[in-house]
Amino acid sequence: MTEGSPITGIVLTFNEASNIERALQGLAGVCRDVLVVDSGSTDGTVEIARRHGARIVSHPFTSHAAQWSFALQQPGLGTWVIALDADQAPDLELGADLLRIAKEAGDDVTGVYVNRLTVFRGRPMRHGGLFPKWMLKMFRPQAVEVDGADLFDLRFGVRGRTVQAGGVLTEDNQNEGRIEFWVAKHNRYAEMLAREELRRLGSSSAYVDPPRLFGTPDQRLLYFKAIWDRLPRYWRAVAYFLYRYILRRGFLDGKEGFQFHFLQALWFRVLVDIQMDSLEQAGRPRPPGVPGPNGAR
């Protein structure tokens, strides 16, 4: 770990033995310490983390929001926190810039966006609107908020000014070399996202980070997500795939690009819509004015 650093790294894990070492190596030159919050790994994840000097805390997983809320309540955190999934690792440029910002930023700066690069089956996804992809990954723990309504795609919100760091955060899940792992994971995620979308549509509560067209990267994303939520189910998945694969040139990422955009933009989104219909048919009414299949209300 790095002496004099004001940063604590936090990594969530569950059976991440094939990923965790790369994440910890990326944090070693940046953080004063690393906290691993594990939810019952049985594949050697904890042993690898302990070998790299990480502090281990066990906590059962119920949702990403609950797990991060628990992690951020742990004692002994630094002035800054880097929040990573186990398959994410900063490159040298990003690590150096995060450390510089943590040491030099004024008190008004409370969050740092980093540029994520997704790798799918060994190939970086540089097109299709996936790169650059700015994500809030470092923040002052006393200024961050976690939205408990986020069941699937958790985003942090901070009170104060945010900046962007140079370099790249690479997300490369080695478990996804087996396509059955990716499919099984997204089968689980589909129901989580369906419940989240129905909950959002049926509630007047605002996001922790309010949607704004001309705001932070997360606020812009939420602005377009609010539009997405009102589009006709199933058709929106087809349009989204064509947008990413054709208009945003996802085809330039080759065979793996087609696989990823087909699975993540079309198949997964159709599965979410099927789950939403199933949940409604099981007794959960559609909120007034919300379009269902083929625009039906």
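Note that these values count all heavy atoms, side chains included, but never hydrogens, waters or copies made by symmetry.
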Polar side-chain atom of [X] near backbone of [Y] as donor-acceptor pair, under 3.5 Å:
X	Y	result
Lys137	Ala83	yes
Arg159	Gln142	yes
Thr110	Arg140	no
Asp91	Thr170	no
Ser58	Val37	no

Checking side-chain contact (heavy atoms from CB on, under 4.5 Å) between Ile82 and each of Leu94, Val112, Leu27, which is the one that passes?
Leu27
Report whether [X] and [Y] are members of the same hydrophobic cluster (ILVMFWY, side-chain heavy atoms less than 4.5 Å apart, transitive linking).
X	Y	answer
Phe268	Ile179	yes
Phe181	Leu263	no
Leu169	Met135	no
Leu242	Tyr245	yes
Leu77	Val158	yes

Atom [atom1] in [X], atom [atom2] in [Y]: separation rounded to 0.5 Å?
X	Y	atom1	atom2	answer
His261	Arg248	NE2	CZ	10.0 Å
Phe241	Phe258	CZ	CZ	5.0 Å
Arg123	Thr118	CZ	OG1	14.0 Å
Leu130	Leu117	CG	CG	9.0 Å
Arg178	Arg121	CZ	CZ	11.0 Å
Leu193	Leu198	CG	CG	9.5 Å

Does the plane of the ring in His64 sit parallel, tilted or perpendicular to the ring in Phe61? Use 30° and 60° as the thresholds.
perpendicular
For [X] versus [Y], what's the shortest heavy-atom pair and its separation?
X	Y	value
Ile101	Ala165	CD1-CB, 4.0 Å
Gly166	Asp97	N-OD2, 2.8 Å
Ala49	Ile56	CB-CD1, 3.6 Å
Leu279	Ala194	CD1-CB, 4.0 Å
Ala102	Trp80	O-NE1, 3.4 Å
Pro141	Thr79	CD-O, 3.2 Å

Does Val238 form a side-chain contact (heavy atoms from CB on, under 4.5 Å) with Leu266? I'd like the steps, not just the answer.
CA-CA 6 Å; Val238 175; Leu266 182 59; 4.1 Å; yes
Counting neighbours of [atom1] on [X] that are heavy atoms of other residues, nucleotides or ligands and sit closer than 6.0 Å, is the number greater than 12?
X	atom1	result
Phe131	CZ	yes
Arg161	CZ	yes
Asp108	CG	yes
Tyr243	OH	no

Indicate yes or no: does [X] engage [Y] in a salt bridge with an N to O separation below 4.0 Å.
X	Y	answer
Arg200	Asp229	no
Glu171	Arg116	yes
Glu191	Arg195	yes

Just so I know, are the side chains of [X] and [Y] near enough to count as touching, which here means a heavy-atom distance under 4.5 Å?
X	Y	result
Val114	Gln88	no
Glu176	Phe260	no
Val163	Tyr113	no
Val168	Pro90	no

Mind running side-chain contact (heavy atoms from CB on, under 4.5 Å) on Trp134 and Asp218 for me, showing each step along the way?
CA-CA 8 Å; Trp134 293 97; Asp218 280 331; over 6 Å; no
With side-chain contact (heavy atoms from CB on, under 4.5 Å) as the criterion, how do Trp267 and Val183 come out once you've worked through the C-alpha distance, each side chain's angles and the decisive distance to 0.1 Å?
CA-CA 10 Å; Trp267 176 82; Val183 170; 3.9 Å; yes
With side-chain contact (heavy atoms from CB on, under 4.5 Å) as the criterion, how do Met138 and Val30 come out once you've worked through the C-alpha distance, each side chain's angles and the decisive distance to 0.1 Å?
CA-CA 12 Å; Met138 189 170 85; Val30 185; over 6 Å; no
Taking the ring centre of each residue, are Trp182 and His186 less than 6.0 Å apart?
yes
Please output the side-chain donor-acceptor pairs of residues 9-24 that fall under 3.5 Å, not counting sequence neighbours, one pair per line with the distance.
from: Thr13; atom 1: OG1; to: Asp38; atom 2: OD1; distance (Å): 2.7
from: Asn15; atom 1: OD1; to: Thr42; atom 2: N; distance (Å): 2.7
from: Asn15; atom 1: OD1; to: Asp43; atom 2: N; distance (Å): 3.4
from: Glu16; atom 1: OE1; to: Asn19; atom 2: ND2; distance (Å): 2.7
from: Ser18; atom 1: OG; to: Asn175; atom 2: OD1; distance (Å): 2.9
from: Asn19; atom 1: OD1; to: Gln174; atom 2: N; distance (Å): 2.8
from: Asn19; atom 1: ND2; to: Asn173; atom 2: OD1; distance (Å): 3.0
from: Glu21; atom 1: OE2; to: His52; atom 2: NE2; distance (Å): 3.0
from: Arg22; atom 1: NH2; to: Asp87; atom 2: O; distance (Å): 2.9
from: Arg22; atom 1: NH2; to: Asp172; atom 2: O; distance (Å): 3.2

Donor-acceptor side-chain pairing of Arg55 and Gln74 below 3.5 angstrom:
no
Ignoring hydrogens and angles, state whether a donor on the side chain of Tyr240 or Arg236 is under 3.5 Å from an acceptor on the partner side chain.
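Arg236 and Tyr240 do not have a side-chain donor-acceptor pair below 3.5 Å.
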